[in-house]
Amino acid sequence: MAMTHGLTLPPGWIISSRLVPAWQIDADHLLGVEAAGRTDEGRIRWRYRLSRRRRTIFSGSDICSGVGAVLTPDELISAARTVLHYLTLRPGDTDADYFDSYTRAQLGVARPVRRRAVDLRDGRVVRLLRR
């Protein structure tokens with residue numbers, strides 16, 4: 001298993017070309033997630049990047065863990081699920097103005113990523129994201 005900052009990566013995860021933990025969602029989509037420090041409340045702040053064929057679709061650091069969370073493989077999986085939940089919202093899932101600043105690529109990512117998402121823990125095909 002690969003290691004990052006003393007963290008054992010979950011099965012199926014890799015170290016990306018940007019040297020961060022990443023999960024290959026399918027042949028085209030890669031989600032990189034790394035701990036980017038802590039908030040004043042003791043939450044882990046997560047930096048993420050969702051790319052399609054090496055082109056960034058989304059990136060940010062606006063996702064945090066619960067207070068006092070410890071950096072573990074399970075916490076990394078939880079962060080990835082949270083990131084994917086928000087990045088794959090579609091019109092109808094929330095207020096329409098939420099998507100006002102989205103690009104065509106961002107609007108188009110929800111369907112293929114939701115359709116192909118597999119369980120991050122062991123690769124079994126399951127419904128990862130619920131509507």
Side-chain angles (χ1 to χ4, degrees):
M1 290 186 185
M3 299 282 286
T4 177
H5 302 288
L7 174 71
T8 301
L9 294 180
W13 284 64
I14 61 170
I15 298 295
S16 75
S17 62
R18 295 176 182 245
L19 302 178
V20 300
W23 177 58
Q24 189 77 49
I25 296 169
D26 59 24
D28 294 332
H29 296 91
L30 182 72
L31 176 66
V33 181
E34 68 175 321
R38 291 211 177 247
T39 66
D40 292 340
E41 300 87 27
R43 300 172 188 269
I44 300 170
R45 179 173 308 281
W46 296 101
R47 182 178 301 124
Y48 60 86
R49 177 179 178 265
L50 178 64
S51 61
R52 182 173 188 262
R53 297 183 185 151
R54 297 188 176 178
R55 298 186 83 182
T56 300
I57 301 172
F58 289 100
S59 65
S61 58
D62 53 346
I63 302 292
C64 294
S65 68
V67 174
V70 177
L71 186 57
T72 64
D74 285 341
E75 195 63 35
L76 184 65
I77 290 167
S78 178
R81 285 184 171 137
T82 300
V83 168
L84 284 175
H85 172 78
Y86 287 105
L87 298 186
T88 60
L89 287 174
R90 299 178 287 190
D93 291 342
T94 189
D95 298 334
D97 62 347
Y98 180 86
F99 303 99
D100 285 351
S101 64
Y102 271 38
T103 65
R104 289 182 68 173
Q106 289 171 328
L107 286 171
V109 76
R111 183 174 296 132
V113 170
R114 275 185 187 231
R115 186 175 62 237
R116 295 181 189 129
V118 297
D119 181 37
L120 298 176
R121 195 172 307 265
D122 63 12
R124 290 178 297 118
V125 176
V126 298
R127 188 170 170 95
L128 174 65
L129 303 169
R130 308 234 189 288
R131 280 196 83 207

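Worth knowing before you read on, the calculation uses all heavy atoms, side chains too, and leaves out hydrogens, waters and symmetry mates.
Shown here are the side-chain contact (heavy atoms from CB on, under 4.5 Å) partners of R38, two or more places apart in sequence or in another chain: I44. Among residues two or more places apart in sequence or in another chain, the side chain to side chain donor-acceptor pair (under 3.5 Å) test is passed with T56 by R49. Looking at residues two or more places apart in sequence or on another chain, you find no side chain to side chain donor-acceptor pair (under 3.5 Å) involving T72. Taking the side-chain contact (heavy atoms from CB on, under 4.5 Å) definition, one finds that T103 meets it with A105, Q106, sequence neighbours left out. Contacts of R104 classified as side chain to side chain donor-acceptor pair (under 3.5 Å), with partners at least two apart in sequence or in another chain: none. By the side-chain contact (heavy atoms from CB on, under 4.5 Å) test, T94 pairs with L89, Y98, F99, sequence neighbours left out. For Y86, there are no ring pair (Phe, Tyr, Trp, His ring centres under 6.0 Å) partners, not counting sequence neighbours. Every residue was checked against the side chain to side chain donor-acceptor pair (under 3.5 Å) condition with D95, not counting sequence neighbours, and none meets it. Under the rule for a salt bridge (charged side-chain N to carboxylate O under 4.0 Å, His left out), R55 has no partner lying at least two apart in sequence or in another chain.
No option in I77, L84, V83 other than I77 meets the side-chain contact (heavy atoms from CB on, under 4.5 Å) test with R81.
Put simply, the side chain of S78 never gets that close to the backbone of D74: no donor and acceptor are under 3.5 Å apart. Formation of a donor-acceptor pair under 3.5 Å by the Q24 side chain with backbone atoms of H29 is found in this model. Without hydrogens or angle criteria, R53 side chain to D28 main chain gives no donor-acceptor distance under 3.5 Å.
Using a 4.5 Å cut-off between side-chain heavy atoms of Ile, Leu, Val, Met, Phe, Trp and Tyr, with links allowed through other members, L71 and L19 fall into the same hydrophobic cluster.
Residue pairs satisfying the ring pair (Phe, Tyr, Trp, His ring centres under 6.0 Å) criterion with at least one member in residues 55-76, sequence neighbours excluded, are listed as follows: F58-Y102.
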